[in-house]
Number of protein chains: 2
Amino acid sequence: MKLDSTPDDVVPGLLVGAGAGTRVPTPPLRGRVTMQQVAAEAGVSISTVSKVINGRYGVSTETVDHVTRVIDRLGYEASLVARSLRNRRTNVVGVLVMDFEPFSTEVLKGVADAVHGTGYELIAYSAGGHEEAREGWERRSLTRLMATLVDGAVLVTPTVTDVQADGPVVAVDPQAGPSALPAVAAHNLQGARLGVEHLIELGHTRIGMITGRSDLMSAQQREQGYREAMAAAGLCVDQALVRSGGFEPGLSRVAARELLSGTDRPTAVFAANDLSALAVLEVARDLGIDVPGQLSVVGFDNIPESVLAEPSLTTVQQPIRRMGQEAAEMLLALIAGEDVHDLDRTLDTSLVLRSSTAPPVQVR
Amino acid sequence: MKLDSTPDDVVPGLLVGAGAGTRVPTPPLRGRVTMQQVAAEAGVSISTVSKVINGRYGVSTETVDHVTRVIDRLGYEASLVARSLRNRRTNVVGVLVMDFEPFSTEVLKGVADAVHGTGYELIAYSAGGHEEAREGWERRSLTRLMATLVDGAVLVTPTVTDVQADGPVVAVDPQAGPSALPAVAAHNLQGARLGVEHLIELGHTRIGMITGRSDLMSAQQREQGYREAMAAAGLCVDQALVRSGGFEPGLSRVAARELLSGTDRPTAVFAANDLSALAVLEVARDLGIDVPGQLSVVGFDNIPESVLAEPSLTTVQQPIRRMGQEAAEMLLALIAGEDVHDLDRTLDTSLVLRSSTAPPVQVR
DNA sequence: CTGTTAGCGCCTTCAT
DNA sequence: ATGAAGGCGCTAACAG
């Protein structure tokens, strides 16, 4: 009978209008129902409730029934947090990201694919996104969640990979040299070559590049691929045509504007990622430069947005979603204690032809 | 003195060779470093460590320094879980989804946009994805996380909205009638009208529809929009031209085949979502019906695939990401205790013209 | 300024 | 078959 008399704790949340004064189901008392309350309502001890929930032996059939009914009525569900804290095993895998942007969410979909039907739950965590928390977010996130909320984690695009965690960790697209972690990455160098070779085959010779964040391995490899393709075709790289866009829209717009405003602008631009390529498209439009008529643009990543762009973007596709899948499969195997053979996987990239590239105009 | 004598609890994790008796940088002992260990290593009490971490007053400068150093050296980071369990406030907002698919991840990006720089962390949670867990996932997830891991939550496409949680909850694209929850949705009715009006303006009069899942509000509204647009133009709806596609490809193909096989087939079809519209395209191709020559098709959603279709799909766009943003803004305001005025927002949709629509052929 | 004490919600021996 | 007690990692009163 103590259930109806709890005037001490004011409800901070919203009260639903639905009058519940009607039949049986004791108006699911508001807010967090704890095992405590279930026990009280059922007139048994907390531990008995726990046993019922976890299907432990040593509870009479009728007690089980009764408690189960109370649980249903109250809409009780064990707190993930409390349970995690207590148990070593949580049955949850985590995807740790710096931010939720196109790349990481695509990886997330892949991880979800692989986790489906395994009985694991999935948690994606971002410490908040911007700048401040940049340095070492992967270490912090890992420490904060691992072994206390998740059984294992997929690290998306980590800058630091010499992390130490007491559970399995797999990196996707690691950015710090030969990783100390099991990892899944795309073949950046090959991809960049593909993209630039496409432009060269179209007849372009003045090809500029918006590079990525110089401290990241993928950025370096893509730039190297660009240089290799140019060199292989006997074309020289005009340093004035290489600008950094830092893998992000803001800087990329600035870089693109510099690149396209000059008198002797390139006829084609290879961007280190789609976000940068989209920025180029935007700037070109501002400047009245027709794409692909007067300027060809090739991106890298093939994020969903790239196809929605106007014109749709020719880009180098990374099998992002697949990367997430493979990472998750590795992770689950590692959690299961199986020994995984190929701890460092590199997936092939491919060129996706769309509408942002064309042969250069024959000017004079 | 009881700190060094805890032989009862065997470390289940991996043991590193590093003896702790040596010099300075005690090789960051592996795995989960707890406050306990930091305290022991620093020779102070646990609560002192806690105070240092939380910047509480009443700790001598040198102690702060010392403890801080130890924390750095050990790479300690407070467990999100333990902290959440203790505090009422967690500084984390959750996005609860049935699964990580294109729609929900798009919402997620929007939420992330809005959360940036607010100091909140973001957790996206999916109970596993498929079928089994369908019914009531929103209720379960909410109960499991709210007030114990997150301060508030965004529910994506919940089927049930009469949930009771002890914290703010905002629904995005709720599917269960006038929601009892604060909600953000797209203007399905208006969108449907836009799509159908476009067909009418092109000159179509025999316009069919592939409807969605009849138990979902969005489906009902889209159908209503279709009927209203028809009525407004003085066109009557031939019931034989309205078939259910259940929002999914399989059923939609069947429906499309029925619709297009008849002798008196429609000259245009409005589909309740892009997936259905794509099915129509497919069936039309099978049947040798030219789109948009002999048949115009309009979809709803504007998923990336719609632009890749052949021909690319004219469709009604929902501002999905924006919906996530608004939901998050509402949520943060609610958490902050501000009173939000507009608790049920409807965002405008817009028509995206592509290549699957054209005037009807003048047959005879 | 520092340490002790008491839980947050849950699960698990260990008694009864 | 049931309940009491202790503790997961952390914080917030209260002592000293």
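Computation of the quantities below employed the complete heavy-atom set of this structure, encompassing side-chain atoms and omitting hydrogens, waters and symmetry-equivalent molecules. Within every chain, numbering begins at 1; the chains are lettered A, B, ... in the order of the sequence lines, protein sequences first and strands thereafter.
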Participant: Between C/dG7 atom P and A/Gln36 atom CD, what is the distance in whole Å?
Facilitator: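 In whole Å, C/dG7 P and A/Gln36 CD are 12 Å from each other.
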
Participant: Start with the C-alpha gap between A/Val93 and A/Val150, add the side-chain angles, then the distance that decides, and say whether side-chain contact (heavy atoms from CB on, under 4.5 Å) holds.
Facilitator: CA-CA 5 Å; A/Val93 300; A/Val150 300; 5.7 Å; no

Participant: Please determine, for the side chain of A/Ala78, which listed nucleotide (C/dG3, D/dG9, C/dC10) has the closest atom?
Facilitator: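 It is C/dC10.
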
Participant: For residues B/Thr90 and B/Asp151, is any side-chain donor paired with an opposing acceptor at under 3.5 Å?
Facilitator: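 Present: a donor and an acceptor within the cut-off.
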
Participant: Quick check on D/dG3: is either OP1 or OP2 less than 4.0 Å from any side-chain nitrogen or oxygen of A/Thr48?
Facilitator: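 The answer is yes; a side-chain N or O of A/Thr48 sits under 4.0 Å from OP1 or OP2.
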
Participant: What integer distance in Å separates A/Arg56:CZ from C/dT12:P?
Facilitator: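 Those two atoms, CZ and P, are 5 Å apart.
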
Participant: Indicate, with a heavy-atom threshold strictly under 4.0 Å, whether B/Tyr76 touches base, sugar-phosphate, or nothing.
Facilitator: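 B/Tyr76: backbone/sugar contact only, no base atoms under 4.0 Å.
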
Participant: Rounded to whole Å, please give me the gap between CG in A/Asn87 and C1' in C/dG9.
Facilitator: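 The distance from CG of A/Asn87 to C1' of C/dG9 comes to 12 Å, rounded to the nearest Å.
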
Participant: Expressed in angstrom and rounded to an integer, what is the separation of B/Asp65 atom CG from C/dC1 atom P?
Facilitator: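 Rounded to whole Å, this separation is 13 Å.
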
Participant: NA contact type, B/Val81, heavy-atom cut-off 4.0 Å: base, sugar-phosphate, or nothing?
Facilitator: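 Touches nothing.
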
Participant: Between A/Tyr57 (OH) and D/dG3 (P), how many Å, whole number?
Facilitator: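 One finds 21 Å between P of D/dG3 and OH of A/Tyr57, rounded.
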
Participant: Counting side-chain heavy atoms from C-beta on, which of D/dG9, D/dT2, C/dT12 comes nearest to A/Ser50?
Facilitator: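 Nearest to the side-chain atoms of A/Ser50, counting from C-beta on, is C/dT12.
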
Participant: Would you mind telling me which of D/dC10, C/dG3, C/dC10 lies closest to the side-chain atoms of B/Thr34?
Facilitator: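 When the side chain of B/Thr34 is considered, D/dC10 is the closest of D/dC10, C/dG3, C/dC10.
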
Participant: Check for a donor-acceptor pair, side chain of B/Thr161 on one end and backbone N or O of B/Leu181 on the other, with a separation under 3.5 Å.
Facilitator: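 Flag not set: sc B/Thr161 to bb B/Leu181 has no pair under 3.5 Å.
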
Participant: If you check the B/Ser45 side chain, which of C/dT12, D/dA12, C/dG3 turns out closest?
Facilitator: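 Comparing C/dT12, D/dA12, C/dG3 against the side chain of B/Ser45, the answer is C/dG3.
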
Participant: Without decimals, in angstroms, what is the distance between B/Arg89 CZ and D/dC10 P?
Facilitator: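 Taking CZ of B/Arg89 and P of D/dC10, I get 21 Å after rounding.
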
Participant: Give one of base, sugar-phosphate or nothing for B/Thr63, where a contact means two heavy atoms less than 4.0 Å apart.
Facilitator: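 Touches sugar-phosphate only.
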
Participant: Considering only side-chain heavy atoms of A/Leu85, which listed nucleotide, D/dG3, C/dC10, C/dG9, is closest?
Facilitator: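 Looking only at side-chain atoms, A/Leu85 lies closest to C/dG9.
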
Participant: For B/Ser50 and B/Ser47, what are the C-alpha separation, side-chain angles and deciding distance, and is it a side chain to side chain donor-acceptor pair (under 3.5 Å)?
Facilitator: CA-CA 5 Å; B/Ser50 174; B/Ser47 65; over 6 Å; no

Participant: Between C/dG9, D/dC10, C/dT12, which nucleotide gets closest to the side-chain atoms of A/Ala82?
Facilitator: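 When the side chain of A/Ala82 is considered, C/dG9 is the closest of C/dG9, D/dC10, C/dT12.
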
Participant: Ignoring hydrogens, what is the shortest heavy-atom contact between B/Gln325 and B/Gly110? Give both atom names and the distance.
Facilitator: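 That closest heavy-atom pairing would be CG-O, 3.2 Å.
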
Participant: Would you mind telling me which of D/dA1, C/dC10, C/dG3 lies closest to the side-chain atoms of A/Ser60?
Facilitator: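 My answer, after comparing the listed nucleotides, is D/dA1.
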
Participant: Per the atom types in the model, does the base of D/dG3 pair as donor or acceptor with the side chain of A/Ser47 at under 3.5 Å?
Facilitator: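 Yes, a donor-acceptor pair under 3.5 Å.
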
Participant: Rounded to whole Å, how long is the line connecting atom CG of A/Leu145 with atom P of D/dC8?
Facilitator: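 Checked: the CG to P distance equals 20 Å.
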
Participant: Rounding to an integer number of Å, can you tell me how far B/Met35 CE sits from D/dG7 P?
Facilitator: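 Rounded to whole Å, this separation is 17 Å.
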
